[in-house]
Amino acid sequence: MTKNIYTKKSVEQLLEDDAFIALVRGGKIDWEEFLLQNKDNKSSLLEAKRIISALQFSEDRLGHKRKIDLWQKLEIVQLKSSKRYLRIRILQSVAACMLFLLSLGGGFYWYNESMTADYEFAANESPVQKGKTLLVLSTGEAIQLKHEQATIKVENEGKEICIVNDTTLKNLEPAKIIKKEIKLTEVVVPFGKNLSLTLSDGTKVWLNAGSRFAFPQKFEGKYRKVHLDGEGYFEVAKMKHHPFILTSNHANIEVLGTKFNVSTYDADDYSETVLLEGSVKVMGRNKLLNEKVIIEPGQSATYNTTEKKMAVVEIEEPEKNIAWINGWYEYKDVSLDKVLKKLERYYNVKFIYDENKIKKALPISGKLDLKSSIENVMPILSGVTGVNYIITSNYILIKH
Amino acid sequence: MMIEKTVETKCDKDVWQDFKREKSYALSYIYHQNIDFLFAYGKKFTSDEELVLDVIQDLFCYLIEKRKQLGKAENIRMYLLKAFRRRLQKEIGKRHRERELNNDLAIPTLEFTIEEEVILEEEVEEKQNEIRRGLKKMKSQQQEALYYRFSCGMDYEQVSGVMEISVVLARQLVSRGVNVLRKHMKESGFIFFLFNWKKF
């Protein structure tokens, strides 16, 4: 079929021929066959084909993330321009309070031979926004947990990991020592989920939504070392000669036996530790100053990684900081952006707002039932703070 | 990178209408169908990715805000391409003037380069790389015209529309560009021949 059309054309004519250009660009024909059929004109066809194919380039690609970022901006523009834009009026009421609680973060870093390098999560999907709670064994095997609120216990001196109400993983060899680095077991708790965990020494850990936590199946050596990106409440089993060290990218905490709550999300610029019992040493990860404080029950230590400052304050009712374990948040004089970040993690939603404006908003106090839906929570928040919002399928837009 | 003429046109017209009527799928469709193309295309005029993205964002914001007033689009990609090229030209000109204050009357021509450096792609045969090197010998306008004609598969009317020149000039640019490439091919082919001939 292509035979007669192309036998007599010169290179110039072929390059004027839209159909021929489309044929080369399409790249779907067998050229050997084609040239054989048109062998009288082989050299012209070949030259024209070469020129056209030489002009097909591999193109610069835009990364997926930037593509999505730009798309989100445009969606907002579209939303704003649309008539269907919902305006929710706010009552400027001073009274109501919302809140949730904030665990205090403390920064801590124990910078000596016991804790040198930063820990890198094997499960390195940092914003753990989606999917199920994951247990990543030291072998690298990942297990999905079925329950929204899972419970895991390390038993039998680290030889068994038991997922309560699920399966027991038996006969797990304790982590092998490879190049002096102990491979850790990890759990990844996505936004909207939480998990409780009992470690091999009997220490109990509750992990809040959006957290990653790494721990050895069995503690060996002088220190009991774990690593956290997120929020957790710890009831550390007392072992006088084996300090328990929690590292994070913002700060480290060292304790002997105690109860404390720490919020140290990589995505935040602070680490907040609240102590309920015992004593802890909190060290900001500022290698030059190695700032450290020892706090007492009822105190919180907050290390701000941007300002590199540690602040210790007294907390009236420190147990409110761990209310999240029971499904509610209580907060007092907390900035709106902190509240929004907490809600993002707990409800697995995304807020879009102007950070500078939000930071100027007055601190708020209140109590929030985490079991009610975000649709019920937003009107209350709006009432207290006076912000407008729009809920879409992908995010919640906050307006002033 | 395709500018399809027959298949998409009918459909494009409807999508564009839907976009103007604020049907929410239309923007998403238009954006996702064209973002890769616009980005790659913009990169041919400047290596500044942020600039390219800024202009893309401005273009879409404009389209969204003015959608009721927009004209018809038979071929969305062509429509976007023309509008984008114009905006990019303006923006590059503006930045250029900001840099060269003493020279604020000179409007720079849009510099189009198909490739900054010819990357030797392994899967492309050596002769094709040779042809690409020939591109460096021609003017930016010629390169641009060749790009629309052969890389995007446009006809002359489309080429002239995008470049805002006459169809006659578009034809001239393409045919002169082709001549440069062919001449370059022959010369380098001859050198190649001599070089290998010595070996025998």
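Residue numbers start from 1 in every chain, and the chains themselves are labelled A, B, ... in the order their sequence lines are given, proteins ahead of strands.
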Side chain Ser151(B), main chain Leu55(A), donor-acceptor under 3.5 Å: yes
Worked check of side-chain contact (heavy atoms from CB on, under 4.5 Å) between Glu12(A) and Val178(B): CA-CA 8 Å; Glu12(A) 288 83 358; Val178(B) 166; 5.8 Å; no
Region of Arg149(B) in contact with chain A, defined by heavy-atom distances below 4.5 Å: both
Distance, nearest 0.5 Å, that separates CG of Leu181(B) from CZ of Arg50(A): 13.5 Å
Close approach to chain A in residues 49-58 of chain B, criterion heavy atom under 4.5 Å: Glu49(B), Glu50(B), Leu53(B), Ile56(B), Gln57(B)
Smallest separation among heavy atoms of Phe150(B) and Arg25(A), with atom names: O-CD, 3.2 Å
Those residues that, when tested against Tyr79(B), pass ring pair (Phe, Tyr, Trp, His ring centres under 6.0 Å) (two or more places apart): Trp16(B)
Gln69(B), CD: over 12 other non-hydrogen atoms inside 6.0 angstrom: yes
Atom pair SG (Cys61(B)) and NZ (Lys73(A)), whose distance is rounded to the nearest 0.5 Å: 9.0 Å
Interchain contact, Leu27(B) with chain A, by part (heavy-atom threshold 4.5 Å): both
Shortest non-hydrogen separation from Leu74(A) to Ile64(B) and the atoms involved: O-CD1, 3.8 Å
Crowding at CZ, Arg182(B) (>12 non-hydrogen neighbours, <6.0 Å): yes
Main-chain N/O of Lys67(A) paired to Tyr31(B) side chain as donor or acceptor, under 3.5 Å: yes
Contact origin within Ser175(B) toward chain A - heavy atom pairs under 4.5 Å: neither
Gap between atom CD of Gln78(A) and atom CZ of Phe60(B) - 0.5 Å precision: 11.0 Å
Atom pair CG/CZ of Leu70(A) and Phe39(B) - distance to nearest 0.5 Å: 10.5 Å
